[in-house]
Amino acid sequence: MPQDKTQEEPTTSDRPNDERYDPQRVETKWFTRWQNDLSLYAADRDSTKKKYYVLEMLPYPSGALHMGHVRNYAIGDALARYMWMNDYNVLHPMGWDSFGLPAENAAIQNNTPPRQWTLGNIAKMKAQMKRLGFAYDWSREVTTCLPDYYRWNQWFFLKFYEKGLAYRKKSRVNWCPKCCTVLANEQVVNGRCWRHEDTLVEQRELEQWFLRITKYADELLRDLDKLDGWPEKVRTMQRNWIGRSEGTLVDFKLDGPAGPAGSTISVFTTRVDTIFGATSVQLAPQHSLIADLTASNPDLRAKVDELIAEQRKAREVGDIGEIEKHGVFTGRYAVNPFNHEKIPIWVANYILMDYGTGAIMSVPAHDERDHEFAKKYKLEIRLVILPLANDPEETATEPPLPYIGHEGMLINSGPYGGLDCADAIKKLSALAEENGFGKATITYRLKDWGISRQRYWGTPIPMIYCEKDGIVPVPEKDLPVILPEAVDIAHAVGSPLGSLPDFVNATCPKCGGPARRETDTMDTFVDSSWYFYRYTDAHNDRAPFDSKIAQYWFPIDQYIGGVEHAILHLIYSRFWTKFMRDLGLITNDEPIKRLFTQGMVIKEGAKMSKSRGNVVSPDEMVARYGADAARLYSLFAAPPDRDLDWQDSGIEGIRKFLARVYRFVIRNAGITSTTSVETSLATSLPPPLSPEARQIRRKLHQTIKRVTDDFQGRWHFNTCISAIMELVNALYAYEEIQGVGRAPSPASETSPDGTQILLAEVQRSLVLLLAPFAPYLAHELWEMLGEKENLLKARWPKYDAALAKEEELVIPVQINGKLRSRISVPADAPESLVLERALADEKVQSFIAGKQLVKKIFVPGKLVNIVVK
RNA sequence: GCCGGGAUGGCGAAAUUGGCAGACGCAGCGGACUUAAAAUCCGCAGGUCCGAAAGGACUGUGGGGGUUCGAUUCCCCCUCCCGGCACCA
């Protein structure tokens, strides 16, 4: 309805209503149209075009989008639309990371089954996304909590198992004694249970499934160097997380009788060159040997327990680094294999069981912590490294302790005295290996990925335990192991699935005898580790995806999301890709070519949160200002990689800008409809253009250049949008001078003159420039201009560098680096002319009069600087 | 402690390669239109000082130094803020 009206009366603006930009009217009109065309944003299956895979991180279906989502998707959507307009075959899908805790939480609170709650939320959020106008190929939608997706999680798990990369082992987990269940790390808040604020979380040993990500630790680290399209910050975070450390394992022997834990104490050190300075061995309080050492020594046991308690407390408070170093002598000794020296074995609270071997050799002279500890307990401090003097003639002097430098020479080290540190490390490691008491090794901070969760709302782990055959994988043909629906989560003890006999009881695939099903589910990070491959072939029911199709689309050209996923999701995804490559499913080593991490949306300087009451709701913004304004503002208010401080007055300004564009086109659309747009390339304009019109043409080409350049990688959409604003301001100024559109020119009935062709071209380009950022308005205006073709398929405007060039330049003239005057010169004026005019300038004259000219600096097109004395 | 990113008007920000600091927008002020208001349109606007005004002088990008004809930009030192890792052996 409204569309006809605007086409009929675009230039007879006697009724103000026609000029009023009503985002609701425009947006609902196009929203309805887009709803009816499902193929609108579909990627081509077979295409000779170049591909472009742009992806935003899929959301958890919490129930409502927040502004962070809007910003994230506005960035991706702008890029997708831009690439479409540049004739790429664009893949721009969306899905739902829909397994996870909140669904169970909601189930308990509202008594709604997790599936129902989740699917309901997805419906709500999908509607929001559509209303916001995001151009997704919904035919490829992936919902991770549905069996047609999670069956492939199970399939992958079986592959991991087959290759020996999924294994089961006992490990320490967080346990809430009130819930009687394991908690994920994220469910532990300050060392307490998220549901019982008064209850401290305990550590328990449980059998868990692990994926051997450490097998790829080195490759994951090395390949970070290849990811030059990733932010340095993320690469650094991953490097830290992987935490590679080169060193040596050395086995000390327990002196005297040994218990079940044996008599070997392996220590890891990066400084084996200092081993002759080791004056004690320090064990973590949880070290396996301690049970033996304390078996007949309840006193020692009690002291070790205290150390454990101290560690735990420090961990709860979060400052394990600040803990005061305590230790206790075990009364026993270990033998240094290099010199057969007996040194005391201590247990200390600063030794961590989960790094290295949980045991160290203590070298007080050359390690800060060891030094502090040795001083406290009066342990021997033995200097074994002398710093090399800069001057070889000089005798090395004893350094202040602890001396931790590497540029040194061994002393007091038996036959190795005189070696430099680097040499000694090599020699001693080799010696240890030859003699079977150690070797050079690499440790990682990265641990194997424990994926077992004692929760309901996740992918069932496809494993069966048979009394006779032990652990037996579910045969591929029996997948998926369906997650049962009617489960009482609230009253479950342990894994909720364990309370369902129908689920638990199974037959062994090997012997056919009675067996028990695994009742744990997978970590939800499994779901998001490979989902983006599924988009390429979302309905495949014979494989997770077709390798050929994935090969066409991968790697992802541009991935966009929050930096909070820099480690977990993005490391797991890289790991999964490498595993799939080794399976032969894909050929790429890395999933993501370019990564962009956008900043947070904050308000009044703080993260939006319900408790703070500063949450901005996208629905409200859409209702008040329209989706275009909400999107445009989220791109305009800050460069996308920085945090954005939301201001309602700011989005109001954006709405005004859109209205300004709308009014301009409404007033001038008539010109276009009588103009042959196809032939109106500005270069072929008839010659007589007024200076003002040439100025507009120049501004247009400059604007196209600025916006296009920014899309090529810099992505400062805030400046793109200000460039478009400047263009619109220029058009208004031009209108003011010319009175164009205000009173329609009767000349338009005959052949259009140059100015009219130019104006038509400007309007058309303006709409195209706006299309990636404000799709609703752009579509409306596109139609208003009489265009029949879908705007997404229209070509992105090209700029003409010659037309973008200024004819006349205002050149600042500095004297001794201070701005003193400006002169106007033709753009291509040679140096001699510019300098001549600069020196002739009245103000310049007054500043240089009576002074000696030292130097004249001319920067073409930029400035003149005259240096005088 | 180590690593990464920041700091520019009242506010969000711009300056892409060392070359006019503050584009664009918000808030503000003035004007036009209006009975009035809203909306809209036009204009002003870093700070201090001089001047009735036009205009002019000085100063200014967290602080201090340096390189340069010229520094928000490059180098050195320092402060503060945000993020990551951390008794990592």
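Both backbone and side-chain heavy atoms feed into the values below; hydrogens, waters and symmetry mates do not. As the structure is a prediction and not an experimental result, all values here were calculated from the model. Lettering of chains follows the sequences in order, A, B, ..., and the numbering in each one begins at 1.
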For [N], does either OP1 or OP2 sit under 4.0 Å from a side-chain N or O belonging to [X]?
X: A:Arg642; N: B:rG12; value: no
X: A:Arg706; N: B:rC24; value: no
X: A:Lys818; N: B:rU59; value: yes
X: A:Arg235; N: B:rG4; value: no
X: A:Asn718; N: B:rA14; value: yes
X: A:Arg655; N: B:rC26; value: no
X: A:Asn729; N: B:rG25; value: yes
X: A:Lys843; N: B:rG56; value: yes
X: A:Arg369; N: B:rG1; value: no
X: A:Arg820; N: B:rA57; value: yes

Of the listed nucleotides ([options]), which one gets closest to any side-chain atom of [X]?
X: A:Phe636; options: B:rA57, B:rC85, B:rC24; value: B:rC24
X: A:Asn240; options: B:rG4, B:rG84, B:rC41; value: B:rG84
X: A:Lys233; options: B:rG83, B:rA89, B:rC24; value: B:rG83
X: A:Leu352; options: B:rG19, B:rC3, B:rC87; value: B:rC87
X: A:Gln647; options: B:rG12, B:rC88, B:rA89; value: B:rG12

Assess whether one donor atom and one acceptor atom, taken from the side chain of A:Lys855 and the base of B:rC69, lie less than 3.5 Å apart.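 For A:Lys855, whose side chain was compared with the base of B:rC69, there is no donor-acceptor pair (under 3.5 Å).
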I'd like to know if A:Arg822 reaches the base of B:rC20 with its side chain such that a donor and an acceptor end up less than 3.5 angstrom apart. yes
If I take atom [atom1] in residue [X] and atom [atom2] in nucleotide [N], what distance separates them, rounded to the nearest angstrom?
X: A:Asp645; N: B:rC26; atom1: CG; atom2: C1'; value: 12 Å
X: A:Asp370; N: B:rA89; atom1: CG; atom2: P; value: 11 Å
X: A:Lys699; N: B:rA23; atom1: NZ; atom2: C1'; value: 9 Å
X: A:Tyr662; N: B:rA39; atom1: OH; atom2: C1'; value: 15 Å
X: A:Leu644; N: B:rC26; atom1: CG; atom2: C1'; value: 13 Å
X: A:Arg244; N: B:rC85; atom1: CZ; atom2: P; value: 21 Å
X: A:Glu368; N: B:rA86; atom1: CD; atom2: P; value: 18 Å
X: A:Leu863; N: B:rG18; atom1: CG; atom2: P; value: 14 Å

Pick base, sugar-phosphate or nothing for [X], based on heavy-atom distances below 4.0 Å to the nucleic acid.
X: A:Arg239; result: nothing
X: A:Val867; result: sugar-phosphate
X: A:Phe657; result: nothing
X: A:Glu232; result: nothing
X: A:Asp643; result: sugar-phosphate
X: A:Phe847; result: sugar-phosphate
X: A:Pro639; result: sugar-phosphate

Using purine N1 to pyrimidine N3 plus N6-O4 or O6-N4 for Watson-Crick, or N1-O2 and O6-N3 for G-U wobble, each under 3.5 Å, what pairs with [N]?
N: B:rU79; answer: B:rA7
N: B:rC33; answer: none
N: B:rG28; answer: B:rC44
N: B:rC85; answer: B:rG1
N: B:rU17; answer: none

When the aromatic ring centroids of A:Tyr625 and A:Tyr633 are compared, is their separation below 6.0 Å?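 Between A:Tyr633 and A:Tyr625, which both carry aromatic rings, the centre distance is not below 6.0 Å.
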Between [N] and [M], how far apart are the two [atom1] atoms, rounded to whole Å?
N: B:rA13; M: B:rG56; atom1: C1'; value: 30 Å
N: B:rC44; M: B:rA52; atom1: P; value: 23 Å
N: B:rG12; M: B:rA37; atom1: P; value: 32 Å
N: B:rU16; M: B:rG66; atom1: P; value: 26 Å
N: B:rA86; M: B:rU68; atom1: C1'; value: 42 Å
N: B:rG46; M: B:rC11; atom1: P; value: 14 Å
N: B:rC58; M: B:rG6; atom1: C1'; value: 31 Å
N: B:rG28; M: B:rG84; atom1: P; value: 37 Å

Salt bridge (charged side-chain N to carboxylate O under 4.0 Å, His left out), that's the test. Do A:Arg706 and A:Asp710 meet it? Break it down for me. CA-CA 6 Å; A:Arg706 281 179 67 181; A:Asp710 245 313; over 6 Å; no
Side chains of [X] and [Y]: is there a donor and an acceptor less than 3.5 Å apart?
X: A:Ser821; Y: A:Asp841; result: yes
X: A:Gln286; Y: A:Gln311; result: yes
X: A:Gln238; Y: A:Arg235; result: no
X: A:Gln647; Y: A:Glu652; result: no

Quick one: do A:Lys603 and A:Asp645 make a salt bridge, cutoff under 4.0 Å? no
Just one of A:Phe636, A:Phe596, A:Phe711 clears the ring-ring contact (aromatic ring centres under 6.0 Å, His included) bar with A:Phe717, so which one?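 Going through A:Phe636, A:Phe596, A:Phe711 one by one, the ring-ring contact (aromatic ring centres under 6.0 Å, His included) with A:Phe717 is satisfied by A:Phe711 alone.
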Does the cation-pi check pass for A:Lys325 over A:Tyr350, that is, NZ or CZ under 6.0 Å from the six-membered ring centre and within 45° of its axis?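 Flagged: A:Lys325 positioned over aromatic ring of A:Tyr350.
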